[in-house]
Amino acid sequence: MKKTLITAVSALMLSAGGAQAATFAHGHQADGQSSYSHVSYSQQVNQDITGFEEYASIASVIDPSSFTVRVTENNVSNRVILFSDNYGRTQYKSVFVKKTGLLKVISQKGGGVLLQTTVTGNTAAPEAKPDQKPAQPASTISSLPEYKTLAAHVDMSGLAPAVVSDNYNNRTILLKDANGRGQYKSIFVKRTNMLKIVDLNGGQIFYGAAE
């Protein structure tokens, strides 16, 4: 009888220990999964850079809204911003030297420096890309399908459009003032007929179907 009791107690202790170990292992695994999820989420956080003084110049050569934007350095001397695709691959990088106002936008795909200019507040006049068409009267884009919607949301008087890019998928137009400074930008997605209009000094003002 005594031997039977000891055996039962031992079995009970082993069972409890196994359950406790399983609980610990499960909890540890859950913690690991939670940590992984947190890291994965944090890598996808898209930072708002529209308030930065160099934003207008950056937006004149690339479309920040098409990328995941992450500020990797921001101190009294410099600000470095990375622009990554949906797979986390860095496509572009901007380096802004605050003391001198020097800005470089660099293609990480082998395209080199896309833009090098001096930013003064929000009034910098970005240097045009080599393949960027010069600004023209607004009438030169009046036949484009997005023009009517663009003109309905932006006062085109005094602004000259420059087609920054025009390919199979998208068309990007930069609207410049009399001093050559970019004030507005439109991005038209041809396949879906969707149009985005961005005030380079105030952010997005329209997103929807072009009329």
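Only a predicted model underlies this, so the values are computations on that prediction, with no experimental measurement involved.
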**OP:** Quick one: pull up CD in Gln116 and CD1 in Ile106 and give me the separation to the nearest 0.5 Å.
**Re:** 9.0 Å
**OP:** Quick one: name the residues clustered hydrophobically with Leu102, using the 4.5 Å side-chain heavy-atom rule over I, L, V, M, F, W, Y, and just say none if it's on its own.
**Re:** Val97
**OP:** Working to the nearest 0.5 Å, report the span between CG of Asn167 and OG1 of Thr172.
**Re:** 8.0 Å
Original post:
Taking C-beta and beyond as the side chain, do Tyr184 and Ile205 meet within less than 4.5 Å on heavy atoms?
Top reply: yes
Subject >> Same apolar cluster (I L V M F W Y, side chains within < 4.5 Å links), Val154/Ile141 >> reply: yes
Original post:
What pairs of residues pass the salt bridge (Lys or Arg N to Asp or Glu O under 4.0 Å) test when at least one of them lies in residues 141-158, not counting sequence neighbours?
Top reply: Glu146-Arg171
**OP:** For Lys185, enumerate each residue passing the salt bridge (Lys or Arg N to Asp or Glu O under 4.0 Å) test, keeping only those at least two apart in sequence or located in another chain.
**Re:** Asp63
Subject >> Donor-acceptor under 3.5 Å (Thr149 side chain, Glu211 main chain) >> reply: yes
**OP:** Taking the side chain as every heavy atom from C-beta outward, state whether Ser84 and Phe67 have any atom pair closer than 4.5 Å.
**Re:** no
Subject >> Between OG on residue Ser94 and CG on residue Leu114, distance to nearest 0.5 Å >> reply: 11.0 Å
**OP:** Flag the pair Glu53 / Arg79 as yes when at least one side-chain heavy-atom distance between them is below 4.5 Å, and no otherwise.
**Re:** yes
Original post:
Listed by chain and number, what are the ring pair (Phe, Tyr, Trp, His ring centres under 6.0 Å) partners of Phe188, not counting sequence neighbours?
Top reply: none
Original post:
Does Asp199 have any side chain to side chain donor-acceptor pair (under 3.5 Å) partners at least two apart in sequence or in another chain, and if so, which?
Top reply: none
Subject >> All pairs passing salt bridge (Lys or Arg N to Asp or Glu O under 4.0 Å) where residues 186-197 contributes a residue, at least two apart >> reply: Asp166-Lys190
Original post:
Where is the tightest heavy-atom contact between Ile173 and Pro161, given as atom of each residue plus distance?
Top reply: CG2-CB, 3.8 Å
Original post:
Is a side-chain donor or acceptor of Asn179 paired with a backbone partner of Arg181 at a separation under 3.5 angstrom?
Top reply: no
Subject >> Worked verdict on Val61 versus Tyr92 for side-chain contact (heavy atoms from CB on, under 4.5 Å) >> reply: CA-CA 11 Å; Val61 291; Tyr92 300 96; over 6 Å; no
Original post:
Listed by chain and number, what are the side chain to side chain donor-acceptor pair (under 3.5 Å) partners of Asp48, not counting sequence neighbours?
Top reply: Thr50
Original post:
Below 4.5 Å, heavy atoms only, C-beta onward: do Leu150 and Ile197 meet side chain to side chain?
Top reply: yes
Original post:
OG/Ser57 to CD1/Ile62 distance, rounded to the nearest 0.5 angstrom?
Top reply: 11.5 Å
Original post:
For residues 162-182, which residue pairs qualify under ring-ring contact (aromatic ring centres under 6.0 Å, His included), counting only residues two or more places apart or in two chains?
Top reply: none
Original post:
If every non-hydrogen atom of Asn74 is compared with every non-hydrogen atom of Val71, which pair is closest and at what distance?
Top reply: CB-CG1, 3.8 Å
Original post:
Is the number of heavy atoms from other residues, nucleotides or ligands within 6.0 Å of NZ (Lys98) greater than 12?
Top reply: yes
Original post:
How long is the gap from CG on Asn86 to OG1 on Thr68, to the nearest 0.5 Å?
Top reply: 6.5 Å
**OP:** Examine Leu144 and Leu159 and state if one hydrophobic cluster contains both, with Ile, Leu, Val, Met, Phe, Trp and Tyr joined whenever side-chain heavy atoms are less than 4.5 Å apart.
**Re:** yes
Original post:
Of all residues at least two apart in sequence or in a different chain, which pass the ring pair (Phe, Tyr, Trp, His ring centres under 6.0 Å) check with Phe83?
Top reply: none
Original post:
When hydrophobic residues are tied together by side-chain contacts of less than 4.5 Å, even through go-betweens, does Ile49 share a cluster with Leu174?
Top reply: yes
Original post:
What is the minimum heavy-atom distance between Pro64 and Tyr55, and which atoms define it?
Top reply: CG-CE1, 3.8 Å
**OP:** Could I get the full list of ring pair (Phe, Tyr, Trp, His ring centres under 6.0 Å) partners for Phe206, not counting sequence neighbours?
**Re:** His153
**OP:** With sequence neighbours excluded, tell me which residues meet side chain to side chain donor-acceptor pair (under 3.5 Å) with Gln91.
**Re:** Asp85
Original post:
Taking a hydrophobic cluster as the set of Ile, Leu, Val, Met, Phe, Trp and Tyr residues connected by side-chain heavy atoms closer than 4.5 Å, whether directly or through intermediates, do Phe52 and Val95 fall within one such cluster?
Top reply: no
**OP:** Run the numbers on Leu195 and Ser186 for side-chain contact (heavy atoms from CB on, under 4.5 Å), then give the verdict.
**Re:** CA-CA 7 Å; Leu195 176 66; Ser186 69; 4.0 Å; yes
**OP:** Check the pair Leu103 / Ile58 against side-chain contact (heavy atoms from CB on, under 4.5 Å), numbers first and verdict last.
**Re:** CA-CA 9 Å; Leu103 171 69; Ile58 294 171; 4.1 Å; yes
Original post:
How would you list, by chain and number, every residue that makes a side chain to side chain donor-acceptor pair (under 3.5 Å) with Asn75, sequence neighbours excluded?
Top reply: Glu73
**OP:** Measure the shortest side-chain to side-chain distance between Leu175 and Met156 over non-hydrogen atoms and say whether it is less than 4.5 angstrom.
**Re:** yes
